[in-house]
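Note that these values count all heavy atoms, side chains included, but never hydrogens, waters or copies made by symmetry. Residue numbers begin at 1 in each chain, while the letters A, B, ... track the order of the sequences.
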Amino acid sequence: MVMEKEIIVGVSDFSLADTLECGQCFRYWKVEEQEYLIASGQKMIRVRQKENELTFYDASSEKVLNYWSNFFDINRDYGKLKQTLSAEDAIMAEAIAFAPGVHILKQDFFECMISFILSQNNHIPRIKKMVETLCQTYGTLLGEGRYGFPTAEQMQGATEEKLRELGMGFRAKYIMDAIKKANSGQLPLADLVQMETEELRNKLLSIYGVGRKVADCILLFSFGRHEVFPTDVWVKRVMSYYYFQKEEVPLQEIFQLAQEKYGDNAGFAQQYLFHYARKNGIGKKGG
DNA sequence: ATCCAGGATCTCC
DNA sequence: GGAGATCATGGA
């Protein structure tokens with residue numbers, strides 16, 4: 001057991017800020033430039049980046065460090081990955097060059113599922129606020145005024161009415177079904193991680209309020225299914241605009257092209273494209 | 001102010 | 001089975 005107060009880890013092809021702020025997660029707070037407080041599930045850490053060094057504060061054990069290394073996907077060769085994707089076409093190269101330090105996080109399943117259920121027909125700033133409300137209402141205080149994301153058990157007393165009072169709107173009934181399925185053993189994590197992606201997707205789709213887009217986000221961001229290509233309005237726009245020279249292309253055609261071009265790396269490609277499109281307003285009127 | 005959001009479901013035909 | 005309406009709410 002290592003007991004340093006601060007642990008420094010070398011990284012490459014990584015930007016803490018871009019990885020947190022590219023829209024894949026919602027529980028982070030900027031402390032100062034290049035320094036963030038980050039929560040995932042029932043854990044929290046403070047991290048600072050200085051060039052190719054990450055400093056983990058209060059990471060008092062190897063176990064803690066391992067959790068966050070996995071969370072940030074620090075040990076993958078993103079240099080090689082980006083090289084492969086960039087060679088595909090100029091658009092992908094440009095999207096990658098725009099934010100070359102984006103990694104795909106490995107998030108807590110229940111948190112990821114509820115967060116992306118909340119994401120539908122919603123803005124990212126408001127998603128963050130709604131997630132925070134759930135944490136403050138049902139979660140455990142972790143310190144520094146921040147709460148853990150509640151477990152399904154912690155949310156078992158929730159009602160649709162209460163969730164509506166908390167501002168979850170029409171998503172309240174969806175959250176209720178997710179809690180109910182989780183607490184009744186219908187979403188056993190140990191079994192889910194073993195499933196083929198297609199089977200796991202169908203399992204997620206059985207939850208009321210989880211459609212293809214939300215299911216794919218869960219598959220990519222919490223189950224590490226990097227071949228999945230979550231296609232929201234932004235990704236749909238940027239793909240339609242650049243690859244089809246049309247305003248809108250059927251989803252199936254986008255999935256097919258993504259599979260052909262990016263294959264098992266489609267999930268990474270998606271995140272570079274999403275971040276690039278959203279920050280630059282690609283495909284929007286006037287963009 | 002009023003438009004719209006990292007969609008999904010329901011309701012028609 | 002595909003297009004269109006509906007959903008709650010607040011950030012921009």
Watson-Crick and G-U pairing of DNA chain B written in dot-bracket, each distance under 3.5 angstrom, with | for inter-strand partners: .||||.|||||||
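A:Lys236 comes within contact range of no nucleotide atom at all, as no heavy-atom separation falls under 4.0 Å. Within the nucleic acid shown, A:Phe221 comes within 4.0 Å of at least one base atom, counting heavy atoms only. Residue contacts for A:Arg164: at a heavy-atom cut-off of 4.0 Å it reaches the sugar-phosphate backbone alone, with no base atom in range. Within 4.0 Å (heavy atoms only), A:Glu165 reaches no atom of the nucleic acid at all.
You'll find the side chain of A:Ile175 reaches within 4.5 Å of the side chain of A:Met155, heavy atoms only. Side-chain contact between A:Phe221 and A:Cys25 is absent, with no heavy atoms from C-beta onward closer than 4.5 Å.
In this structure, the CG atom of A:Leu273 is 14 Å from the C1' atom of B:dG6, given to the nearest Å. If you take NZ of A:Lys173 and P of C:dC7, they are 10 Å apart, rounded to a whole angstrom. The distance from atom CG of A:Leu163 to atom C1' of C:dC7 is 16 Å, rounded to the nearest whole Å. A:Gln271 has its CD atom 13 Å from the P atom of B:dG6, to the nearest Å. Taking atom NZ of residue A:Lys128 and atom C1' of nucleotide B:dA5, one finds them 16 Å apart after rounding to whole Å. As rounded to whole Å, 17 Å separates atom P of B:dG6 from atom CG of A:Leu220.
Between the side chain of A:Gln271 and the backbone N or O of A:Cys22 there is at least one donor-acceptor pair closer than 3.5 Å. A donor-acceptor pair under 3.5 Å is formed between the side chain of A:Gln24 and the backbone N or O of A:Thr19.
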Enumerate all atom pairs, one protein N or O and one N or O from nucleotides 1-6 of chain C, separated by less than 3.5 Å.
none

Distances for protein N/O vs nucleotides 10-12 of chain C N/O pairs under 3.5 angstrom?
from   : atom 1 : to       : atom 2 : distance (Å)
C:dG10 : O4'    : A:Arg126 : NE     : 3.2
C:dG10 : N2     : A:His123 : ND1    : 3.4
C:dG11 : OP1    : A:Lys129 : NZ     : 3.1

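For A:Phe26 and A:Phe116, the gap between ring centers is short of 6.0 Å. Ring pair A:Phe109/A:Phe223: centre-to-centre distance below 6.0 Å.
B:dA8 and C:dG10: their P atoms are spaced 22 Å apart (whole Å). Between C:dA5 and B:dC4, the two C1' atoms lie 16 Å apart (nearest whole Å). Taking atom C1' in both C:dC7 and B:dC3, one finds a spacing of 16 Å when rounded to whole Å. Rounded to a whole angstrom, the distance from the P atom of B:dA1 to that of C:dA8 is 24 Å.
Using modelled atom types, one finds a donor on one side chain and an acceptor on the other under 3.5 Å when comparing A:Glu153 with A:Thr151. A donor atom on one side chain and an acceptor atom on the other are found under 3.5 Å apart for A:Glu260 and A:Gln256. Inspection of the A:Tyr262 and A:Glu88 side chains reveals no N or O donor paired with an N or O acceptor under 3.5 Å. Judged purely by distance below 3.5 Å, without hydrogens or angles, the side chains of A:Tyr243 and A:Asp89 pair a donor atom with an acceptor atom.
For the segment residues 245-258 of chain A, the set of residues with a heavy atom within less than 4.0 Å of an atom of DNA chain B is empty.
Closest approach of A:Gln49 and A:Leu16 over heavy atoms only: OE1-N, 2.7 Å. Of all the heavy atoms in A:Lys236 and A:Thr231, the pair that sits closest is N-CG2, 3.9 Å.
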Any chance you could list the contact pattern along nucleotides 7-13 of chain B? Use B for base contacts, S for sugar-phosphate-only contacts and - for none, protein heavy atoms under 4.0 Å, 5' to 3'. BSSS---
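When each of A:Tyr272, A:Phe14, A:Phe268 is checked for a ring pair (Phe, Tyr, Trp, His ring centres under 6.0 Å) with A:Tyr78, only A:Phe268 meets the rule.
With sequence neighbours excluded, no residue forms a side chain to side chain donor-acceptor pair (under 3.5 Å) with A:Arg171.
A:Lys128 forms a cation-pi arrangement with A:Tyr28, by the criterion of a distance under 6.0 Å to the ring centre and an angle within 45° of the ring axis. Figure legend: cation-pi geometry between A:Lys43 and A:Tyr67, with NZ or CZ positioned under 6.0 Å from the six-membered ring centre and within 45° of its axis.
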Start with the C-alpha distance between A:Met168 and A:Leu118, add both sets of side-chain angles, then the distance that settles side chain to side chain contact (heavy atoms under 4.5 Å, CB included), and finish with yes or no. CA-CA 7 Å; A:Met168 304 301 137; A:Leu118 290 176; 3.7 Å; yes
